[in-house]
Amino acid sequence: MKIVYDPLYEEHLRGVAHPETADRVAAVVAHLRSRGLFDPLAPQDAGEAALLRVHTRGYIERAKQECERLDQGSVAELSTGDTVVGQRSYEVAVRAAGGVMTAIDYAAAGRGAAFALVRPPGHHAEPARGMGFCMFNNAAVAARAFAAETGQRVLIVDFDYHHGNGTQAIVGGGLSYVSTHAHPAYPGTGVRSLRRTAEGDIDVSVPITPFGISTEGFITLWATLLRQAVALLQPHAIVVSAGYDYLSGDPVGDLGVGIESADALGALLREVAQERGAAVAFCLEGGYDPVQLGVAVARTLFAYDTGTVAPETDPRAVPAPIRAQLEEMAAWPE
Ligand SMILES: [Zn+2]
């Protein structure tokens with residue numbers, strides 16, 4: 001699988017003590033290299049038109065000015081929320097959003113899936129507000145670009161520990177969103193949602209107690225959710241908000257889920273994409289133990305590339321309220 005990467009991604013908050021450290025992507029690149037899995041592809045920058053499909057002009061300008069007026073080496077929070085930025089952060093964020101666009105372009109050209117190893121992450125960024133370590137909503141910018149250019153349906157799949165409030169905010173117009181996340185937890189949104197728009201887009205939000213879920217339960221939940229969502233929507237593209245902070249031991253998230261879930265997600269995404277002929281682009285969201293993050297990314301893409309068979313699942317492993325939500329979704333008319 002191609003890895004969309006640029007050393008510029010390490011220039012956001014370089015040398016700053018912060019959970020969303022530049023070491024994260026550096027560690028993933030080092031691990032992929034050691035496994036012979038680093039097959040790089042250079043990203044583009046997201047153009048103004050692409051950013052404007054998701055974000056307001058006022059917010060884009062504000063983010064640019066607030067970064068560029070900082071002195072070299074100094075950092076500040078964006079005035080819209082809890083996103084620490086430095087002088088080069090805007091430039092990096094534009095290339096992060098562009099990186100996911102590059103990944104989906106590559107996949108949509110029929111060349112295979114791609115993993116955009118970008119930072120800062122994106123799924124908390126709302127149209128007029130950066131927050132939660134995010135400046136631009138990378139997955140949403142790329143998904144909207146795909147929908148605008150092709151007129152085809154796109155599904156964003158988000159398994160990060162946190163709810164992608166920014167992504168959920170822009171569902172519609174051919175863009176659907178399916179998320180599991182801890183709730184209650186940051187950013188406070190992400191209550192149960194099971195909604196279809198008049199145009200047929202879906203917004204499915206599955207809260208999981210922050211006390212966690214079994215590994216088998218998590219895998220079964222995703223196997224069911226993904227197969228149901230893809231059968232219903234028949235999307236032409238899938239953008240994966242791949243956040244690994246749900247893994248057991250993550251210093252920020254941690255739903256107690258074992259690393260083998262990373263293989264299962266790769267296998268499941270491959271299965272549904274092949275069945276429907278959908279293009280798949282992964283983009284990095286959270287995951288704050290750099291060593292674990294490298295292993296998790298490698299396992300997902302290796303399972304995807306090698307066509308590993310998705311594991312057997314057991315509905316009884318899924319907590320009853322979530323099982324009820326999945327059953328309700330399964331009963332939706334095609
Ligand atoms: Zn997260």
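Remember, it's 1-based here, ligands and their atoms both numbered in the order they're listed. Since this is a predicted model, take the numbers as computed values, not measurements.
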So, are Glu61 and Lys64 salt-bridged, with charged N and O less than 4.0 Å apart?
-> no

Decide, yes or no, whether a salt bridge links Asp201 with Arg153 under the criterion of side-chain N to carboxylate O below 4.0 Å.
-> yes

Would you say Asp160's side chain and Gly286's backbone share a donor-acceptor pair under 3.5 angstrom?
-> yes

Got a sec: is Asp160 within less than 2.8 Å of the Zn ion (ligand 1) via an N/O/S atom?
-> yes

Atom name of the N, O or S atom in Asp245 that lies nearest to the Zn ion (ligand 1) = OD2

With a cut-off of 2.8 Å, does any N, O or S atom of His162 fall short of it relative to the Zn ion (ligand 1)?
-> yes

Arg192 CZ: over 12 foreign heavy atoms closer than 6.0 Å = yes

